[in-house]
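Residues take their numbers from the sequence shown, with the count starting at 1. Every value quoted in this text rests on a predicted model; they were computed, and no experiment measured them.
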Amino acid sequence: MDQRNAFRRTVESGEVAFGARASTFSPTVIEVFGELGFDFVWLDFEHMGPSPYDSRVFEDLTRAAEAGGTELFVRLPSGDPSLIRKVLDAGVRTLLIPRVDTAEEIREAVEATRFVYDGEPGERGMASGRARNWGSSDAYVRTEDEEVCIGVMVEKTGAVEAIDEILSVPELGFVFVGPSDLSVQLGHPTDKTHPEVLDTIEGIEAACRSAGVPMGKIANEPAAIEDAMQAGYRIVRMGGDLASIRTTLRERLAAVERE
């Protein structure tokens with residue numbers, strides 16, 4: 001297994017990493033997205049898909065990503081350290097932790113990804129899974145600490161209130177802004193353009209820029225993607241497999257004359 005994380009390198013270099021969602025969890029779709037040139041493929045294990053605790057699930061998924069020249073971007077259901085270690089040992093290198101409230105939650109999650117953390121022993125454990133090339137990689141410890149990238153989804157008011165403390169957590173790779181759940185938390189479900197939601201997002205953006213932590217968001221239309229880039233976002237997810245199928249085939253079907 002190639003242990004390098006091109007997604008992390010792209011973001012840390014100041015470039016924009018573009019991705020798409022694979023709701024089908026299909027290795028074929030992941031490989032195709034990679035061939036298209038996407039930097040990452042978003043897999044949402046929080047709301048759907050197989051169990052992330054079954055490490056065998058990731059064998060074909062990580063192989064497909066490697067074959068296509070892309071990276072998996074895995075949103076876990078929680079920041080459980082035991083789950084984090086299991087998924088990383090299966091060969092995943094980029095993780096997103098949702099629904100956090102405090103910096104301590106993030107620190108615990110990030111520490112679980114590192115053999116050495118903040119100058120002290122980390123909470124990552126030695127393993128012989130795919131991340132270590134089934135036990136044959138002598139550089140496993142060093143490369144994992146250099147290549148793994150973990151981010152946090154800021155989508156709860158608790159995280160907004162603790163944003164400065166969260167951004168100060170060592171080795172935090174990025175912040176992904178979640179306007180949909182923020183709208184729920186702020187009492188305006190589904191209204192992502194409500195003034196309170198927009199003001200809250202502006203505050204998150206300002207804090208991230210000040211701390212120098214890369215930001216990510218979902219932007220589907222070209223104009224929205226350009227706006228995100230102009231605002232300093234370095235991680236952009238644009239669409240996905242099911243949405244693309246629905247839009248493209250609906251238009252084609254509607255264009256066919258029926259008797």
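The two atoms that bring Ala22 and Ile30 nearest to each other are CB-CG1, 4.3 Å, heavy atoms only. Taking all atoms of both residues into account, the shortest heavy-atom contact from Leu182 to Lys156 is CD2-N, 4.1 Å. Nearest approach of Ala131 to Glu144, heavy atoms of both residues: CB-OE1, 3.9 Å. When all heavy atoms of Ala6 and Glu71 are compared, the closest pair comes out as N-OE2, 3.1 Å. In terms of heavy atoms, Met153 sits closest to Gly178 at CE-CA, 3.8 Å. Heavy atoms only, all atoms of each residue included: Pro214 and Arg234 are closest at CG-NH2, 3.1 Å.
The main-chain N or O of Glu59 is found under 3.5 Å from a side-chain atom of Thr62 such that the two form a donor-acceptor pair. Put simply, the side chain of Glu105 gets close to the backbone of Asp101: a donor and an acceptor are under 3.5 Å apart. Side chain of Asp145 to main chain of Phe115: a donor-acceptor pair is present (N/O by atom type, distance under 3.5 Å, no hydrogens or angles). Here the side chain of Thr70 pairs no donor or acceptor atom with the backbone of Ala65 at under 3.5 angstrom. Side chain of Glu155 to main chain of Arg99: a donor-acceptor pair is present (N/O by atom type, distance under 3.5 Å, no hydrogens or angles). Distance alone, capped at 3.5 Å, places no donor-acceptor pair between the Arg237 side chain and the Ala219 backbone. In this structure, Arg132 contributes its side chain and Ala127 its backbone to a donor-acceptor pair below 3.5 Å. For Asp80 (side chain) and Ser82 (main-chain N/O), a donor-acceptor pair under 3.5 Å exists by modelled atom type. Judged by distance alone, with hydrogens and angles left aside, the side-chain atoms of Gln185 form a donor-acceptor pair with the main-chain N or O of Thr157 at under 3.5 Å. For the pair Arg85 (side chain) and Glu123 (backbone), a donor-acceptor distance under 3.5 Å is present.
Remark: of the listed residues Arg9, Arg8, Arg142, Arg9 is the sole one forming a salt bridge (Lys or Arg N to Asp or Glu O under 4.0 Å) with Glu147. Results of the salt bridge (Lys or Arg N to Asp or Glu O under 4.0 Å) test with Glu66 over Arg4, Arg130, Arg93 single out Arg130 as the only residue that passes.
Criterion: ILVMFWY side-chain heavy atoms under 4.5 Å apart, direct or through other members. Under it, Leu43 and Val92 are part of a common hydrophobic cluster. Two different hydrophobic clusters hold Leu167 and Leu96 under the rule that ILVMFWY side chains link at heavy-atom gaps under 4.5 Å. Under a hydrophobic-cluster definition in which Ile, Leu, Val, Met, Phe, Trp and Tyr are linked whenever side-chain heavy atoms come within less than 4.5 Å, directly or via other members, Ile218 and Val16 are assigned to different clusters. Hydrophobic clustering, with ILVMFWY side chains joined whenever heavy atoms are under 4.5 angstrom apart, groups Leu72 together with Leu36. When hydrophobic clusters are built by joining Ile, Leu, Val, Met, Phe, Trp and Tyr residues whose side-chain heavy atoms come closer than 4.5 Å, directly or via intermediates, Val74 is grouped together with Ile106.
Under the 6.0 Å cut-off for aromatic ring centres, Phe73 and Phe38 do not qualify, their centroids lying 6.0 Å or more apart. Aromatic rings from Tyr233 and Phe174 are positioned such that their centres are separated by 6.0 Å or more. Checked against a 6.0 Å centroid threshold, the rings of Phe33 and Trp42 do not count as neighbours. Aromatic rings of Phe40 and Phe18 (six-membered ring for Trp) have centroids beyond the 6.0 Å cut-off, not under it.
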Residue pair Thr94, Asn5: steps toward the side chain to side chain donor-acceptor pair (under 3.5 Å) verdict: CA-CA 8 Å; Thr94 301; Asn5 187 346; 3.0 Å; yes
Chi angles and distances behind the side chain to side chain contact (heavy atoms under 4.5 Å, CB included) call for Thr102, Val100: CA-CA 6 Å; Thr102 68; Val100 301; over 6 Å; no
Check step by step if side chain to side chain donor-acceptor pair (under 3.5 Å) holds for Asp241 and Thr24. CA-CA 7 Å; Asp241 48 2; Thr24 57; 2.7 Å; yes
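Checked for salt-bridge contact, Lys86 and Asp89 miss the test: no charged N lies under 4.0 Å from a carboxylate O. Between Glu111 and Arg114 there is no salt bridge, since no side-chain N of the basic residue sits under 4.0 Å from a carboxylate O of the acidic one.
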